[in-house]
Amino acid sequence: MSSKLRDLIFVLICILTVIAVIFHNIRTATEEVLYIEIETTEPEIEIETKYGIPIESYRIEFGTVSRGETLGGILQRHGITAYQVDKISRMPSDTLNVTRINIGRPYAVFTDTITDSIPRMDYFVYENGTVFYTVYDFTNYDTIIIERHRKHVDTITRSASGIIESSLWNAIVKEELPWALAIAMSQVFAWTVDFYALKKGDAFKVIYDEYYVEDNSIGIGDIKAGLFFHHGKELWAIPFEQNGETGYFDTLGNNTRKTFMKAPLQYTRVSSRYSHARMHPVHRRPRAHLAVDFAAPTGTPVYAASDGVIVTRAYGVGPGYYIKIRHNSVYSTVYMHFSRFGKYHVGNHVNQGDIIGYVGSTGWSTGPHLHYEIHENGQKIDPLKFEPPPADPVDSVNMKRFNSEKREWIDKIIAISPDFFEKK
Ligand SMILES: [Zn+2]
């Protein structure tokens, strides 16, 4: 080969290198970040995967986000360039904030150990929560793909029972049931069972769903059906759907819900009853108290006792922050001494159970409590003696369907051991 030809080849190689570098830079400059949201499960076929990624050719390093660590910091430590990190941070975050990571959350780094001599991160996986995780895919030449995945959630229907010795909470603990079951039960039976007056020997049977991800329980769903044996009475909660809404009914098809809640909050005790003459704690002279006071910690949510429209949301010297709800032409309710209001304003419609405010001690008050009044045709009546009418029962046109569904639920509930309900 002549020296001229060798020079020519050398020049050609130089030119090609320059072109390649320029071309690469152009490609890098147009690098895109794609965001895709998908719900997938691990494939059924026999490829071993983790987070849906075949693990065969990867070294996987697991970690948890430590204090002060950023997504960019972790990525750059594993060979991702500052330029790529910047691209990710510029992604529109209207669907998902892909740069935010939280301390203590697990992550995994998939490093390609086969195709490259220098180990290179192909995938970064961040676990957003127990169900969701985000995959940052760096395997494409010019595009970073960010995918949000949902892990497969298994639902197992469970049944449980317990006998009250002292409290519902203790019964739940004794039977080693999930603590969330106590809350779910207090919601389903809120209108029929007085949880502040449970007696030794009261008992329950319930059917509920428990959710699992990779064999770990992540929580429970609503109570599907249940029975509470309370003060010698069988109180059923049988689910039934009509007019697009699912409610709980007794065996006769009566709604277990009342039009008014027994109490518009979870309280610790009744601190002052309805009375026409009592010593006022602030004014130190006899004064009627045509209301009931529920002592509860500051910040306890206060619910609308029934559906209605907010007619007053104000501050008064005596009542502090207070709300009045008009439920219909007969009934209104008043709630006083809030520490702060909920999100509803005058004129807003509220549904029973919506949070209208939080317990506080504003106005004439000697400690955090809710002062609660029920007005019937303009007269303040005793909320603790008020017997509210039940919500809508099963429609007569739906009775046949209700009775057949009811039979199945009752059979399932009765089958739960022990059979303490049949002993009476
Ligand atoms: Zn009061």
Side-chain angles (χ1 to χ4, degrees), residues 186 190-191 193-198 258-348 350-389:
S186 63
W191 291 269
V193 174
D194 185 354
F195 286 95
Y196 294 96
L198 290 181
K258 298 290 196 310
T259 48
F260 281 78
M261 298 172 91
K262 264 184 149 56
L265 78 169
Q266 303 259 348
Y267 62 96
T268 54
R269 69 197 159 81
V270 171
S271 55
S272 179
R273 291 174 180 275
Y274 181 92
S275 149
H276 284 277
R278 64 143 190 179
M279 195 63 81
H280 191 277
V282 172
H283 299 285
R284 294 282 162 205
R285 54 190 160 82
R287 198 182 154 112
H289 185 247
L290 305 181
V292 62
D293 287 349
F294 297 106
T298 297
T300 303
V302 177
Y303 311 112
S306 184
D307 297 2
V309 173
I310 296 191
V311 290
T312 313
R313 181 191 196 261
Y315 183 85
V317 176
Y321 291 110
Y322 75 106
I323 268 183
K324 182 173 184 178
I325 300 174
R326 187 181 184 273
H327 301 290
N328 51 40
S329 58
V330 177
Y331 293 107
S332 300
T333 48
V334 178
Y335 314 74
M336 295 184 185
H337 313 306
F338 285 157
S339 52
R340 61 193 170 95
F341 291 118
K343 64 181 177 185
Y344 302 101
H345 292 263
V346 170
N348 286 166
V350 286
N351 290 317
Q352 183 180 53
D354 285 343
I355 297 173
I356 52 166
Y358 299 86
V359 169
S361 193
T362 55
W364 290 333
S365 168
T366 50
H369 76 283
L370 174 73
H371 170 106
Y372 176 54
E373 295 175 0
I374 300 179
H375 300 192
E376 187 181 61
N377 294 316
Q379 302 293 313
K380 294 175 188 176
I381 60 164
D382 185 350
L384 295 178
K385 291 205 178 121
F386 178 51
E387 272 299 336

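Numbering of ligands and ligand atoms starts at 1, following listing order.
- Between the side chains of His337 and Ser365, no donor N or O sits under 3.5 Å from an acceptor N or O.
- Taking the Zn ion (ligand 1) as reference, His371 places its N/O/S atom ND1 nearest.
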Open item on the list: One pair to check against side-chain contact (heavy atoms from CB on, under 4.5 Å): Phe341 and Ile323. What are the steps and the verdict?
Closed with: CA-CA 8 Å; Phe341 291 118; Ile323 268 183; 3.7 Å; yes
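- The Zn ion (ligand 1) has an N, O or S atom of His289 inside 2.8 Å of it.
- The backbone N or O of Lys380 sits less than 3.5 Å from a side-chain atom of Tyr274, completing a donor-acceptor pair.
- For Ser306 (side chain) and Gln352 (main-chain N/O), no donor-acceptor pair under 3.5 Å exists by modelled atom type.
- Sorting the N, O or S atoms of Asp293 by how far they are from the Zn ion (ligand 1) puts OD1 first.
- Because the distance cut-off is set at 2.8 Å, His337 fails to qualify as a neighbour of the Zn ion (ligand 1), as none of its N, O or S atoms comes that close.
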